[in-house]
Asks: 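One structure coming up, written as structure tokens, with questions to follow.
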Protein chains: 2
Amino acid sequence: MISSKCNCDRCQHEVCARRVPIFSTLSIEELQKVVNLIYRRSYIKGELIVIEGSNLDSLIIINSGQVKAYRDTQDGKEQILYVFSEGDFFGEKNLIINQAATYNVEALEETNICAIRKEDFQKLLTEHPSIGLKIMEELCNRLDRLEKTIEGMGSKDVEARLGMVLLEFARKHGKESGEGILVELPLSREGIASYIGLTRETVSRKMTLLQNQGIIEMVGNKKVLIKNIKLLEQTVQ
Amino acid sequence: MISSKCNCDRCQHEVCARRVPIFSTLSIEELQKVVNLIYRRSYIKGELIVIEGSNLDSLIIINSGQVKAYRDTQDGKEQILYVFSEGDFFGEKNLIINQAATYNVEALEETNICAIRKEDFQKLLTEHPSIGLKIMEELCNRLDRLEKTIEGMGSKDVEARLGMVLLEFARKHGKESGEGILVELPLSREGIASYIGLTRETVSRKMTLLQNQGIIEMVGNKKVLIKNIKLLEQTVQ
DNA sequence: TTATTTTTGTGAGCCAAATCACAGTTTTTT
DNA sequence: AAAAAACTGTGATTTGGCTCACAAAAATAA
């Protein structure tokens with residue numbers, strides 16, 4: 001039997017580099033060079049990939065899986081800042097502004113990463129300015145999201161905030177189904193709460209509300225069916 | 001009488017480019033080329049430099065003065081996202097991810113800007129990767145600040161948030177004086193409130209509190225004397 | 001499968017910040 | 001300098017989300 005997927009080390013490497021938006025502008029030959037610089041690693045669910053305060057010496061790119069980036073606040077809670085998945089990168093702050101990690105990164109499921117050492121990455125940057133551009137793009141997008149989050153947090157429209165995350169997850173992991181978009185939530189209620197600065201209880205209550213309005217339907221704890229995305233988008237507006 | 005400051009057009013240009021961190025790595029010859037691409041403009045207090053939703057076609061760098069970047073929220077309020085001053089730039093989102101402006105930018109005082117057209121800027125970027133690096137640095141710093149803001153907004157420690165802005169303004173505009181650090185506030189109470197997601201009244205009350213604790217002293221409406229910066233930093237922690 | 005652990009939903013009461021209201025200041029304009 | 005406009009401080013009240021508490025459900029382990 002012939003496997004449709006080659007599992008040799010080399011091919012996986014290549015696939016990995018191809019999947020990553022920041023290398024999307026490179027030619028096949030250039031990509032090959034990048035591939036040679038990459039090393040890989042796997043993490044199981046719950047494993048810490050980066051510890052706040054530590055000195056990371058690589059840019060890390062997610063090949064498959066999902067992670068959360070979070071901080072522990074004074075009052076012992078965790079504040080989730082990002083949920084990264086396939087193709088996303090992190091650790092750039094350590095390389096670009098030479099700063100220790102400002103957040104923990106933890107695998108939310110089995111996760112495979114590609115990493116490039118600082119020196120290699122910096123060399124790449126000067127040799128291929130297009131990579132820098134891609135990174136700037138992504139940084140701009142992150143700024144955009146954080147700006148929106150802050151706007152939402154300022155105006156205390158709590159339901160809009162919840163709607164925003166649901167739509168974000170729907171874009172990333174939503175699957176069209178007959179009755180709407182089925183979304184596998186990467187975070188628990190507690191996680192969602194920490195992501196948008198609320199308590200677990202409030203998230204619960206607001207989700208129930210959205211369900212009663214016929215906008216969503218909860219499927220177990222980890223899935224949500226968005227039945228009326230138009231209405232949800234209006235809520236967020 | 002000989003003026004210590006040359007006011008000819010050319011010199012001002014040069015000064016402008018020199019002052020800007022993102023060009024700090026360029027040689028004098030390279031700088032000269034950049035200078036030739038720059039055009040300048042002045043705005044009076046209250047004037048809009050960028051309108052949300054419009055298509056900006058230049059990177060704008062502040063030569064002197066101060067501006068606020070803000071959005072109008074659904075409920076008619078304004079959410080201030082950034083206060084930019086000398087050496088800061090904005091409009092990069094329009095150039096890098098080809099997006100319409102996501103916020104208004106308004107001069108808080110008489111403000112002079114330097115601007116570089118999109119095409120010129122993109123050419124610069126590919127010719128001098130170091131400029132890209134500088135921009136990435138700044139984007140990382142902004143992400144950093146927003147991440148901290150979000151953390152502060154999540155954990156509802158309101159006084160810490162106020163302390164953070166005061167310290168931010170102190171770093172930017174603080175002047176050492178006998179009794180402490182005298183800070184000229186770029187924003188009114190209302191502005192500060194909008195910057196940290198509170199109401200004007202709450203900011204007022206908390207400022208009074210800090211004053212009663214002997215940490216700060218308000219000097220008219222637009223200045224604050226930080227009498228005990230150690231204590232203020234502790235409040236923030 | 002059953003048992004165990006983790007996660008979730010929901011009521012009751014509390015509390016800090018929002019809102020409303022208005023007088024007193026400060027700043028700007030004329 | 002006087003008048004107008006903008007901004008600020010502070011009391012009274014309301015409110016929406018937080019906290020606490022516990023039962024129910026779901027996910028995981030045995």
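Reminder, nothing fancy here: chain letters follow the sequence lines and each chain counts from 1.
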Asks: Over all strands shown, is B/Lys77 touching base, sugar-phosphate only, or nothing at heavy-atom distances under 4.0 angstrom?
Replies: sugar-phosphate

Asks: Atom CG of A/Leu187 to atom C1' of D/dA27: distance rounded to whole Å?
Replies: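 A/Leu187 atom CG is separated from D/dA27 atom C1' by 17 Å.
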
Asks: Counting side-chain heavy atoms from C-beta on, which of C/dA17, D/dT28, C/dT19 comes nearest to A/Lys45?
Replies: D/dT28

Asks: Reckon B/Lys222 has a side-chain N or O less than 4.0 Å from the OP1 or OP2 of D/dC7?
Replies: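 Answer is no, no contact under 4.0 Å.
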
Asks: Output the single nucleotide from D/dT28, C/dT26, D/dT10 whose closest atom is nearest the side chain of B/Asn221.
Replies: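 The listed nucleotide nearest to B/Asn221's side chain is C/dT26.
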
Asks: Which nucleotide in the list C/dG9, C/dA18, D/dG11 gets nearest to the side chain of B/Leu198?
Replies: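 For B/Leu198, the side-chain atoms sit closest to C/dA18.
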
Asks: Among C/dA12, C/dT19, D/dG9, find the nucleotide with the atom closest to the side chain of A/Arg205.
Replies: C/dA12

Asks: State whether A/Arg142 and A/Glu138 are salt-bridged, where the test is any N-O pair (Lys NZ or Arg NE/NH1/NH2 against Asp/Glu carboxylate O) under 4.0 Å.
Replies: yes

Asks: Grab the CZ-P distance between B/Arg161 and C/dA16 for me, whole Å please.
Replies: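 Going from B/Arg161 (CZ) to C/dA16 (P), I get 15 Å.
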
Asks: Do A/Glu47 and A/Arg41 meet the salt-bridge criterion of a basic N to acidic O distance under 4.0 Å?
Replies: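 Salt bridge flag = no for A/Glu47 with A/Arg41.
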
Asks: Can you measure B/Ile196 atom CD1 to C/dA17 atom C1' for me and round it to whole angstrom units?
Replies: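 It is 12 Å, rounded to the nearest whole Å.
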
Asks: Would you call A/Glu168-A/Lys148 a salt bridge at under 4.0 Å N-O?
Replies: no

Asks: What's the closest nucleotide to the B/Glu201 side chain, out of D/dC18, C/dG9, C/dA21?
Replies: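 For the B/Glu201 side chain, the nearest candidate turns out to be C/dA21.
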
Asks: Once you round it to whole Å, what is the distance between C1' of D/dC7 and CG of B/Leu185?
Replies: 13 Å

Asks: Scan A/Ser188 against the nucleic acid and name what it touches under 4.0 Å (heavy atoms): base, sugar-phosphate only, or nothing.
Replies: sugar-phosphate

Asks: Counting the atoms with a prime plus P, OP1 and OP2 as sugar-phosphate, which does A/Lys206 contact under 4.0 Å by heavy atoms, base, sugar-phosphate, or nothing?
Replies: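 It contacts sugar-phosphate atoms only.
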
Asks: B/Arg200 has a side chain; which of C/dA21, C/dA18, C/dG9 sits nearest to it?
Replies: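 Output: C/dA21.
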
Asks: Report the nucleotide, chosen from C/dT10, C/dT28, D/dT8, that has the shortest atom-to-atom distance to any side-chain atom of A/Ser204.
Replies: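 Taking heavy atoms from C-beta onward, the closest nucleotide is C/dT10.
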
Asks: Starting at atom CD of A/Glu190, determine the distance to atom C1' of C/dG9, rounded to an integer number of angstrom.
Replies: 14 Å

Asks: What pairs with A/Phe90 under ring pair (Phe, Tyr, Trp, His ring centres under 6.0 Å), at least two apart in sequence or on another chain?
Replies: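 Here the qualifying residues are A/Phe84.
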
Asks: To check you understand the geometry: which heavy-atom pair defines the closest contact between A/Met153 and A/Gly197, and what is its length?
Replies: CE-CA, 3.8 Å

Asks: Check this one for me: any side-chain N or O of A/Thr199 less than 4.0 Å away from OP1 or OP2 of D/dC18?
Replies: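 For D/dC18, OP1/OP2 do have a side-chain N/O of A/Thr199 under 4.0 Å.
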
Asks: In whole Å, what is the span from the CE atom of A/Met207 to the P atom of D/dA25?
Replies: 17 Å

